[in-house]
Protein chains: 2
Amino acid sequence: MNIYDIAELAGVSIATVSRVVNDSPMVSEKTKRRVRKVMEENNYTPNVFARGLGLDSMKTVGLMCPNVADAYMARAVAYLEQNLKEYGYDCILYCSGYDDEERRVAVNSILQKRIDALVLIGSSYAEDDEDSEKVEYIREAAKQVPVFMMNGCIRGENIYCALCNDFQAAHMAVTELIQTGKEDILFLSDSHSYSANQKLKGYQQALRDAGMPVNEKLCVYAENRIDRVRDLLLSRNDLMFDAVFATEDGLAIGALKYAKKRNLSVPRDISIIGYNNSELSVCCDPELSTVDSRGERLCKIIIDSMMLRLKNREIRSKVYANGFLVRRETTDF
Amino acid sequence: MNIYDIAELAGVSIATVSRVVNDSPMVSEKTKRRVRKVMEENNYTPNVFARGLGLDSMKTVGLMCPNVADAYMARAVAYLEQNLKEYGYDCILYCSGYDDEERRVAVNSILQKRIDALVLIGSSYAEDDEDSEKVEYIREAAKQVPVFMMNGCIRGENIYCALCNDFQAAHMAVTELIQTGKEDILFLSDSHSYSANQKLKGYQQALRDAGMPVNEKLCVYAENRIDRVRDLLLSRNDLMFDAVFATEDGLAIGALKYAKKRNLSVPRDISIIGYNNSELSVCCDPELSTVDSRGERLCKIIIDSMMLRLKNREIRSKVYANGFLVRRETTDF
DNA sequence: CTGAAAGCGCTAACAC
DNA sequence: GTGTTAGCGCTTTCAG
């Protein structure tokens with residue numbers, strides 16, 4: 001059943017049918033009704049390919065992230081998909097992995113689908129060094145479609161970024177720790193992404209602002225796996241700390257497991273703050289204080305800007321949201 | 001840059017270019033090389049829409065689930081996407097929500113994208129009553145594309161199901177509980193899906209097989225939210241139980257929180273078993289014994305069958321995988 | 001082994 | 001308001 005069939009059955013031309021499909025105002029209500037009736041009776045739906053060919057768009061946006069199995073990204077994808085759908089856009093999903101070459105390939109593949117916009121989810125798409133050659137493929141992509149980065153930041157034409165102000169959030173969280181009397185605060189991270197580095201800077205600045213020393217040794221990196229983190233901390237007898245600021249909830253829980261193994265009381269002997277306010281943070285015991293990094297807010301910003309951008313309106317190329325601390329049992333307050 | 005440009009530059013006809021693109025054997029290696037060179041030099045990629053129009057396929061599969069933010073579904077989506085990509089298929093993602101009407105709409109929307117296959121993730125797509133009118137829209141969809149159900153089961157032409165043998169898994173888990181001397185085992189669930197009902201039957205059968213009574217009161221349903229479950233159990237003073245078999249890890253953790261609040265020792269006073277072997281199960285304290293419901297295995301089965309099916313081979317319409325118990329601290333063993 | 005040409009189903013400019 | 005028609009870029013007979 002195609003447009004010709006409908007046209008014939010309705011006794012009009014295909015142009016008219018097309019107009020009805022696109023709800024053009026230049027068709028009389030009467031014919032519209034008639035054509036619509038035929039379409040419904042025959043359960044007609046326009047062929048998306050033909051439509052795409054003509055319009056060079058299929059109303060699809062590409063969603064790309066290193067790994068949807070990650071809770072943070074999954075939440076973002078869920079939110080974006082949900083809302084994009086309401087604007088009539090479908091999503092094609094692409095998990096790129098964390099490897100640079102894989103990513104380049106992934107972006108090129110997804111571009112071939114003639115998506116209307118691309119959103120890159122997660123801070124791993126941007127190294128700290130904004131001008132790195134490594135992200136040239138993203139600038140290249142932006143020549144074809146508008147690129148939206150969630151928690152990443154690359155300066156460039158047609159690239160739009162929405163980020164949590166990680167510096168501010170980390171500063172706030174660490175300051176909180178300091179105020180409860182903690183003196184040796186461990187910075188625990190699993191990455192050197194732009195975002196992770198912002199958190200590090202916030203951590204360091206908070207210490208300086210409080211007139212405390214910044215001990216390089218207290219900055220440790222570990223794979224984001226609970227058992228690994230626990231074992232690593234257990235093995236580092238050289239480290240003395242009475243608080244942990246982790247850049248991911250998973251890391252924080254690793255620290256919690258470490259504390260338990262060491263028979264340390266939380267938060268008395270050791271306070272812990274995580275990041276992302278994920279489901280994990282309420283599973284553990286005691287429950288984890290954590291920074292809410294405003295995932296939903298960022299998604300919303302991205303969708304709103306995208307819709308404006310697709311109408312060729314001017315939009316801001318960089319928007320921040322402030323994180324806030326969710327206080328639970330792993331900190332005093 | 002389209003097929004005509006390439007044809008001209010390579011000094012051949014568009015038909016030949018098309019053949020090269022599709023790696024047809026009826027082109028001499030020599031011309032193939034020449035054409036390929038031109039394509040690469042000009043960075044040519046065929047227009048997917050035009051291609052779709054001709055082939056009536058864009059090598060895309062539709063992935064549908066109620067909610068990707070759910071860890072189980074996110075993992076499934078991640079796995080499927082990853083592997084489908086290797087076969088040259090892209091994924092369009094559609095989160096349908098849990099409402100019946102939404103689902104119907106979702107399936108129809110996704111079908112309009114002319115996907116090559118549809119996979120329905122999660123047991124919520126199938127009610128226990130296999131012949132329910134409610135799932136007619138799925139049978140309807142199967143008339144257009146092969147439908148693959150992960151953990152759902154509907155009998156029908158062109159519908160293929162891969163499921164965890166939840167009956168067996170539940171039976172095994174509950175039997176384990178019984179063997180450690182537990183007598184009042186609570187069945188805790190959040191749904192009446194096909195899958196949830198299989199678990200219930202497994203639970204009941206295990207009790208019967210052990211010559212124990214099946215107490216209807218010990219079968220409770222709650223929303224899958226840690227705090228809700230905890231509060232619900234706290235409020236049910238009429239319930240006496242020394243073990244919990246939960247159909248989701250989240251529910252089990254709710255029970256764990258309940259135990260803690262009540263100052264019950266786990267697993268001595270109360271043993272707990274969850275379901276899905278999710279990340280949550282190792283976050284909590286003590287760590288959760290849980291049924292591994294073989295998500296990856298099911299995904300793999302689905303992909304393998306899909307590839308066969310798309311080559312018009314015969315495949316089995318229903319395949320089971322057996323679950324197994326991951327023993328951790330919430331049970332004795 | 002290669003080329004010419006007829007679609008695929010729709011949009012949009014143009015004519016009436 | 002409505003119809004005619006020329007594309008959109010590719011696949012696929014059918015000839016040669």
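On a predicted model such as this, the values are computed, not experimentally measured, just so you know. Every chain is numbered from 1 and lettered A, B, ... according to where its sequence line falls, protein lines coming before strand lines.
- Between the side chains of A/N276 and A/S293, at least one donor-acceptor pair of N or O atoms lies under 3.5 Å.
- The distance between atom CD of B/E29 and atom C1' of C/dC1, rounded to the nearest whole Å, is 12 Å.
- Counting to the nearest Å, the C1' atom of C/dG9 and the CE atom of A/M39 are 15 Å from each other.
- Close to C/dC1, at under 4.0 Å from its OP1 or OP2, lies no side-chain N or O of B/T31.
- The distance between atom NZ of A/K32 and atom C1' of D/dG1, rounded to the nearest whole Å, is 12 Å.
- A donor-acceptor pair shorter than 3.5 Å can be found between the side chains of A/S124 and A/R103.
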Mark up nucleotides 10-16 of chain D, 5' to 3', with B wherever a protein heavy atom is under 4.0 angstrom from a base atom, S wherever such an atom reaches only the sugar-phosphate, and - elsewhere.
BBBB---
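- B/R34 places its CZ atom 12 Å from the C1' atom of C/dC1, with the value rounded to the nearest Å.
- Distance NZ (A/K30) to C1' (D/dT2): 14 Å, rounded to an integer number of Å.
- Salt bridge absent: B/R104 and B/D100 never bring a charged side-chain N and a carboxylate O closer than 4.0 Å.
- A straight line from CD1 of B/I6 to P of C/dG3 spans 15 Å, rounded to a whole angstrom.
- Residue B/T16 places at least one side-chain N or O closer than 4.0 Å to OP1 or OP2 of C/dG3.
- Using a 4.0 Å cut-off between a side-chain N of Lys or Arg and a carboxylate O of Asp or Glu, B/K37 and B/E41 qualify as a salt bridge.
- For the 3.5 Å distance criterion, the side chains of B/Y44 and B/D5 fail to qualify, holding no donor opposite an acceptor.
- As a whole-Å value, the separation of B/D5 CG from D/dC8 P is 11 Å.
- With salt bridges taken as basic N to acidic carboxylate O contacts below 4.0 Å, one links A/K85 and A/E81.
- To the nearest angstrom, C1' of C/dT11 lies 17 Å from CZ of A/F49.
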